[in-house]
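Remember, it's a predicted structure, so these values are computed and weren't measured experimentally.
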Amino acid sequence: MNMNIAALQQEILRLKKEKDFCILAHSYQAREICEIADFTGDSYKLSVDASKVQNQNILMCGVRFMAETCKILSPEKRVILSQPLAGCEMADQMDRELIAQVKEQYPDYTVVAYINTTAALKTICDVCVTSSSAVKIVNHIENKNILFIPDCNLGSFVAAQCPDKNIKLLRGGCPVHASVTPEEARAMKERYPDAELLVHPECVPAVCEMADYIGSTSGIMNYAVKSDKKEFIIGTEISIAEHLQYMCPDKQFHVLSLKLVCANMKATTLMDVYNCLTGKGGEEILLSEETIRDAGKCIDEMIRLGE
Ligand code: 13P
Ligand code: SF4
């Protein structure tokens with residue numbers, strides 16, 4: 001078969017209907033994938049959308065922890081990860097055994113896990129958060145003592161917004177976002193003095209301090225679309241600047257750094273999506289009943305406290 005992108009998209013739309021698939025695409029996915037998705041957005045929005053889906057099959061175009069979250073929220077459905085190699089470097093930094101040991105040192109702390117964690121690790125945490133819900137959820141937790149894992153940059157951002165909490169951080173984080181230095185941010189601001197700097201809280205605090213807005217991928221997109229300003233420097237995965245440029249052709253978007261490329265998010269291609277729908281690609285997410293039950297408590301708590 002030899003098809004161009006538009007013809008392949010049409011075939012995907014036909015197959016998804018015929019095979020009763022719902023396609024979820026994280027905002028870091030390529031434009032041609034977002035175009036054929038039923039839902040796009042940040043990790044919080046996708047997890048809520050996934051819980052309401054009626055279709056028997058869910059195809060997650062994103063990374064493994066996102067597909068696991070879908071499976072936990074919809075255990076009766078068949079959940080496929082679009083590209084089996086698409087992990088998340090941050091999610092793989094801390095495992096259940098390590099955090100079980102840390103918990104012994106902090107017995108009266110509530111363990112708050114960024115959603116970028118494995119399903120196995122979530123089973124021993126108290127509540128999940130995403131970048132868009134973290135501050136609200138941490139503020140809603142009764143306990144003053146919080147152990148926030150794995151991202152110390154998002155954790156520092158949350159700690160600054162929740163001064164009444166005693167937040168313990170570990171040394172984890174996203175190598176992609178954390179690679180941007182304050183010097184690079186300063187140089188970009190000097191190069192584009194009229195532009196506003198919008199960054200993801202996975203960036204280091206010294207970069208976040210220079211920003212005009214700090215938020216999740218959807219938060220950054222909404223801010224830029226609604227803003228009266230005409231020029232922006234985008235401090236998250238480079239796909240967001242590209243999507244925004246299509247959405248707002250009269251505005252200008254610059255990427256904060258060319259290092260902001262997530263190879264895991266970029267691993268899914270439109271052909272991968274097609275292959276998943278024809279049963280020749282992807283990976284079905286299989287989790288034990290125990291994992292679904294215990295990790296599910298952590299995610300349900302996120303949805304309850306985030307409402
Ligand atoms: P969002 O919560 O903004 O979707 O971010 C997910 C992510 O992996 C960012 O690197
Ligand atoms: Fe994980 Fe970072 Fe990629 Fe987000 S950008 S999926 S945190 S590696």
Fill in: Residues, nucleotides or ligands: over 12 heavy atoms within 6.0 Å of D228 CG
no
Worksheet item: Would you say Q245's side chain and F253's backbone share a donor-acceptor pair under 3.5 angstrom?
Response: yes
Discussion item. Quick check against the 3.5 Å criterion: does R31 have a side-chain atom that pairs as donor or acceptor with the backbone of H243?
Written reply: no
Discussion item. Side-chain heavy atoms nearer than 4.5 Å, only ILVMFWY residues, links allowed to pass through others: does that put L81 and V53 together?
Written reply: yes
Worksheet item: In terms of heavy-atom contacts, does CD of E18 have more than 12 from other residues, nucleotides or ligands at under 6.0 Å?
Response: yes
Practice prompt. Using the side-chain contact (heavy atoms from CB on, under 4.5 Å) rule, take K251 and E231 through it: C-alpha gap first, then chi angles, then the decisive distance, then the call.
Written response: CA-CA 6 Å; K251 297 182 179 179; E231 201 178 357; over 6 Å; no
Fill in: Whether N55 side chain and N57 backbone form a donor-acceptor pair below 3.5 Å
no
Fill in: Closest non-hydrogen atom pair, P201 against C208
CA-SG, 4.2 Å
Worksheet item: Do the side chains of T118 and R64 get nearer than 4.5 Å, heavy atoms only?
Response: no
Discussion item. Grouping I, L, V, M, F, W and Y whenever their side-chain heavy atoms are under 4.5 Å apart, do I146 and L305 come out in a common cluster?
Written reply: yes
Worksheet entry | R14/E11 ion pair, N-O < 4.0 Å | yes
Discussion item. If you apply the rule side-chain hydrogen bond (donor to acceptor under 3.5 Å, both in side chains), what do you find for E290 with S288, and how did you get there?
Written reply: CA-CA 5 Å; E290 242 183 348; S288 71; 4.8 Å; no
Practice prompt. Write down the atom of N153, the atom of C203, and the distance for their closest heavy-atom approach.
Written response: CB-O, 3.4 Å
Item to complete: May I have the step-by-step check of side-chain contact (heavy atoms from CB on, under 4.5 Å) for I33 and I23, ending in yes or no?
Response: CA-CA 9 Å; I33 293 175; I23 302 182; 5.5 Å; no
Item to complete: Taking atom types as modelled, find out whether N166 and Y109 have a side-chain donor-acceptor pair closer than 3.5 angstrom.
Response: yes
Fill in: Passing candidate, side-chain contact (heavy atoms from CB on, under 4.5 Å) with I234, options V199, L260, I220
I220
Worksheet entry | E202 versus Y114, side-chain donor and acceptor atoms under 3.5 Å | yes
Discussion item. Taking K77's backbone N and O only, do any of them form a donor-acceptor pair with K71's side chain (distance below 3.5 Å, no angle check)?
Written reply: yes
Fill in: NZ/NE/NH1/NH2 to OD/OE distance under 4.0 Å, K230 and D250
yes
Worksheet item: Any Lys/Arg nitrogen of D300 or R304 sitting under 4.0 Å from an Asp/Glu carboxylate oxygen of the other?
Response: no
Practice prompt. Give the minimum heavy-atom separation between M188 and L256, together with the two atoms involved.
Written response: CG-O, 3.4 Å
Discussion item. So, using salt bridge (charged side-chain N to carboxylate O under 4.0 Å, His left out) as the criterion, who are the partners of K16 when residues are at least two apart?
Written reply: D38
Item to complete: Starting at CG of D92, measure out to OG1 of T117 and round the result to the nearest 0.5 Å.
Response: 10.5 Å
Worksheet item: If you measure from the Lys or Arg side-chain nitrogens to the Asp or Glu carboxylate oxygens, is any gap between E68 and K122 under 4.0 Å?
Response: no
Worksheet item: Quick one: CD1 on I115 to SG on C128, what's the gap to the nearest 0.5 Å?
Response: 5.0 Å
Worksheet item: Same hydrophobic cluster for F148 and L121, using side-chain heavy-atom links shorter than 4.5 Å among ILVMFWY?
Response: no
Item to complete: Taking the side chain as every heavy atom from C-beta outward, state whether R78 and I58 have any pair of such atoms under 4.5 Å apart.
Response: no
Discussion item. So H254 and R191, do their side chains get closer than 4.5 Å, heavy atoms only?
Written reply: no
Worksheet item: Does L270 reach the side chain of I36, with side-chain heavy atoms less than 4.5 Å apart?
Response: yes
Worksheet item: How far apart are the C-alpha atoms of I124 and R96, what are their side-chain angles, what is the distance that settles it, and do they pass the side-chain contact (heavy atoms from CB on, under 4.5 Å) test?
Response: CA-CA 7 Å; I124 57 160; R96 197 174 185 278; 3.4 Å; yes
Worksheet item: CD of E76: more than 12 outside heavy atoms within 6.0 angstrom?
Response: yes
Item to complete: Assess whether atom CD1 of I5 is packed by more than 12 heavy atoms of other residues, nucleotides or ligands within 6.0 Å.
Response: no
Response to the item:
For T40 and K45, the nearest pair of non-hydrogen atoms, with its separation, is O-NZ, 2.9 Å
Fill in: Joint hydrophobic cluster, V111 plus V135, side-chain heavy atoms closer than 4.5 Å
no
Worksheet item: Under 4.0 Å between a Lys/Arg side-chain N and an Asp/Glu carboxylate O for K297 and E301?
Response: no
Practice prompt. Taking the side chain as every heavy atom from C-beta outward, state whether F21 and L15 have any atom pair closer than 4.5 Å.
Written response: no
Worksheet item: I303 and L73: side-chain contact (heavy atoms from CB on, under 4.5 Å), yes or no, with the steps?
Response: CA-CA 11 Å; I303 294 175; L73 287 166; 4.0 Å; yes
Item to complete: I would like to know whether T130 and S132 meet side-chain hydrogen bond (donor to acceptor under 3.5 Å, both in side chains); could you show each step before the answer?
Response: CA-CA 5 Å; T130 64; S132 56; 3.3 Å; yes
Fill in: Y223 backbone acceptor or donor facing S227 side chain under 3.5 Å
no
Worksheet item: Heavy atoms, side chains only, cut-off 4.5 Å: are S131 and H200 in contact?
Response: yes
Worksheet entry | M302 side chain near I299 side chain, heavy-atom distance below 4.5 Å | yes
Item to complete: Indicate, with yes or no, if V207 and F157 share a hydrophobic cluster defined by side-chain heavy-atom contacts under 4.5 Å among Ile, Leu, Val, Met, Phe, Trp and Tyr.
Response: yes
Discussion item. Between S82 and M60 (side chain of the first, backbone of the second, donor and acceptor by atom type, cut-off under 3.5 Å), is there such a pair?
Written reply: yes
Discussion item. Consider side-chain contact (heavy atoms from CB on, under 4.5 Å). Of N116, V63, N264, which one does E89 pass it with?
Written reply: N264
Worksheet item: Is a side-chain donor or acceptor of K165 paired with a backbone partner of N143 at a separation under 3.5 angstrom?
Response: yes
Worksheet item: E196 side chain to Y213 main-chain N or O, any donor-acceptor pair under 3.5 Å?
Response: no
Item to complete: Mind checking the NZ-SG spacing from K144 to C162? Nearest 0.5 Å is all I need.
Response: 11.5 Å
Discussion item. Taking the side chain as everything from C-beta on, heavy atoms only, tell me whether P150 gets closer than 4.5 Å to L170.
Written reply: no
Worksheet item: Measuring from M271:CE to C276:SG, what's the distance to the nearest 0.5 Å?
Response: 10.5 Å
Discussion item. Give me the atom names and distance for the closest heavy-atom approach of P182 to M210.
Written reply: O-CE, 3.3 Å
Worksheet item: Can you name the nearest heavy-atom pair linking E190 to P193, along with the distance?
Response: O-CD, 3.4 Å
Worksheet entry | From C61 atom SG to M66 atom CE, the distance as rounded to the nearest 0.5 Å | 11.5 Å
Worksheet item: Under the side chain to side chain donor-acceptor pair (under 3.5 Å) test, which residues partner T236, sequence neighbours left out?
Response: Y28, H177
Practice prompt. Ignoring hydrogens and angles, tell me if any N or O in the side chain of S27 forms a donor-acceptor pair with the backbone of G41 under 3.5 Å.
Written response: yes
Fill in: K280 side chain vs N275 backbone, donor-acceptor pair below 3.5 Å
no
Worksheet item: Which distance, rounded to the nearest 0.5 Å, do you find between the CD1 of I292 and the OG of S74?
Response: 10.0 Å
